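Working notes, structure below.
Index from 1, following the sequence. Quantities reported herein were computed from a predicted structural model and do not represent experimental measurements.
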Amino acid sequence: QVQVVESGGGLVQTGGSLRLSCVVSGTTSFRFNYIGWYRQAPGKQRELVAGISRTGTTSYLDVVKGRFTISRDNDKNTVYLEISTLKPEDTAVYYCNYGGRWNGGYSSSANWGQGTQVTVSS
């Protein structure tokens with residue numbers, strides 16, 4: 001059974017940085033799968049912020065380009081989301097999704113983690 005666990009969130013000041021981690025267990029095919037990071041702010045719909053293909057191709061939501069970097073370590077079954085120059089509007093619960101589809105960008109599967117809270121103070 002696949003399990004997805006995010007970590008690394010916290011309270012940071014505007015302009016700060018964070019690195020979120022997503023560890024996937026219960027699978028031997030991590031390196032062959034696509035992965036996405038989403039976020040959901042209070043009162044808003046969940047949105048895709050970054051995706052990474054099995055070959056390392058990445059895609060980003062326009063508003064986070066240049067500040068967010070997604071990467072993967074297949075030996076550790078882990079995907080990272082590095083966030084720099086944080087803004088108050090980045091405040092959200094960040095979720096990792098494993099094993100979705102890739103068609104120029106990422107589409108989610110049913111494999112979600114529990115999320116990690118990122119709060120940016122102004």
Side-chain angles (χ1 to χ4, degrees):
Q1 183 177 355
V2 172
Q3 288 192 317
V4 179
V5 179
E6 305 96 332
S7 64
L11 173 63
V12 295
Q13 292 186 331
T14 296
S17 300
L18 280 175
R19 187 175 81 159
L20 308 183
S21 298
C22 168
V23 178
V24 181
S25 60
T27 178
T28 57
S29 59
F30 177 87
R31 66 181 62 246
F32 302 115
N33 278 276
Y34 308 121
I35 300 159
W37 277 100
Y38 290 73
R39 68 183 180 187
Q40 187 167 19
K44 295 189 176 182
Q45 288 191 332
R46 193 172 296 189
E47 63 180 355
L48 174 68
V49 295
I52 188 165
S53 76
R54 61 184 72 177
T55 60
T57 300
T58 58
S59 67
Y60 297 95
L61 184 67
D62 282 347
V63 296
V64 307
K65 285 180 179 177
R67 298 192 300 118
F68 286 28
T69 303
I70 188 171
S71 61
R72 64 191 298 161
D73 185 336
N74 291 332
D75 292 332
K76 296 182 178 179
N77 278 25
T78 300
V79 174
Y80 303 100
L81 185 68
E82 299 197 53
I83 311 173
S84 63
T85 320
L86 277 157
K87 305 176 180 181
E89 51 264 42
D90 294 320
T91 294
V93 179
Y94 284 72
Y95 296 92
C96 181
N97 184 268
Y98 170 76
R101 296 182 177 180
W102 189 272
N103 183 16
Y106 186 80
S107 298
S108 66
S109 73
N111 297 316
W112 294 94
Q114 82 291 346
T116 186
Q117 176 71 49
V118 172
T119 303
V120 185
S121 63
S122 57

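For E89, the CD atom sits in a packed shell: over 12 heavy atoms of surrounding residues, nucleotides or ligands are nearer than 6.0 Å. Within a 6.0 Å radius of CD in Q40, other residues, nucleotides and ligands contribute more than 12 heavy atoms.
Classification of K87 and D90 as a salt-bridged pair fails, no side-chain N sitting under 4.0 Å from a carboxylate O.
For S84 against G66, the heavy-atom pair with the smallest separation is OG-O, 4.4 Å. Considering every non-hydrogen atom in both G104 and S59, the closest pair reads O-CB, 4.4 Å.
The side-chain contact (heavy atoms from CB on, under 4.5 Å) check on V23 picks up T78, with sequence neighbours excluded. For R19, the side-chain contact (heavy atoms from CB on, under 4.5 Å) partners two or more places apart in sequence, or in a different chain, are Y80, E82.
In this structure, OG1 on T55 lies 12.5 Å from CZ on F32, to the nearest 0.5 angstrom. Of the inter-residue distances, the one linking D75 atom CG with F30 atom CZ reads 10.0 Å to the nearest 0.5 angstrom. To the nearest 0.5 Å, the span separating OG1 on T57 from CD1 on I70 amounts to 11.5 Å. For the atom pair CZ (R31) and CG (D73), the distance works out to 9.0 Å, reported to the nearest 0.5 Å. Distance check: I83 CD1 to S17 OG gives 9.0 Å after rounding to the nearest 0.5 Å.
Cluster membership check: L48 does not share its hydrophobic cluster with I35, using side-chain heavy-atom separations under 4.5 Å among Ile, Leu, Val, Met, Phe, Trp and Tyr. Grouping the Ile, Leu, Val, Met, Phe, Trp and Tyr side chains by contacts below 4.5 angstrom, directly or via other members, places V49 apart from V93. V79 and Y38 fall into different hydrophobic clusters, where Ile, Leu, Val, Met, Phe, Trp and Tyr side chains are chained together by heavy-atom contacts under 4.5 Å. Linking ILVMFWY residues whenever their side-chain heavy atoms come closer than 4.5 Å, directly or via other members, places V120 and V63 in the same cluster.
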Practice item. Might you work through the side-chain contact (heavy atoms from CB on, under 4.5 Å) test for W37 and Y106, ending with a clear yes or no? Key: CA-CA 9 Å; W37 277 100; Y106 186 80; over 6 Å; no
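The closest side-chain heavy-atom distance from C22 to V4 is below 4.5 Å. In this structure the side chain of W102 never reaches within 4.5 angstrom of the side chain of R54, judged on heavy atoms. Side-chain atoms of T14 and P88, non-hydrogen and from C-beta on, do get closer than 4.5 Å to each other.
A donor-acceptor contact shorter than 3.5 Å links the side chain of N111 to the backbone of Y98. Within the 3.5 Å criterion, the main-chain N or O of Y34 finds no donor-acceptor partner in the side chain of R72.
Between W112 and Y95, the angle of the ring planes goes over 60°, which puts this pair in the perpendicular group of the 30/60° scheme.
Because its NZ or CZ atom is not both nearer than 6.0 Å to the ring centre of Y60 and within 45° of the ring axis, R67 does not count as a cation-pi partner of that residue.
Checked options Q117, E6, R39; the residue passing with Y94 is R39 (criterion: side chain to side chain donor-acceptor pair (under 3.5 Å)). None of T116, L81, L11, V118 except one satisfies the side-chain contact (heavy atoms from CB on, under 4.5 Å) rule with L18; the exception is V118.
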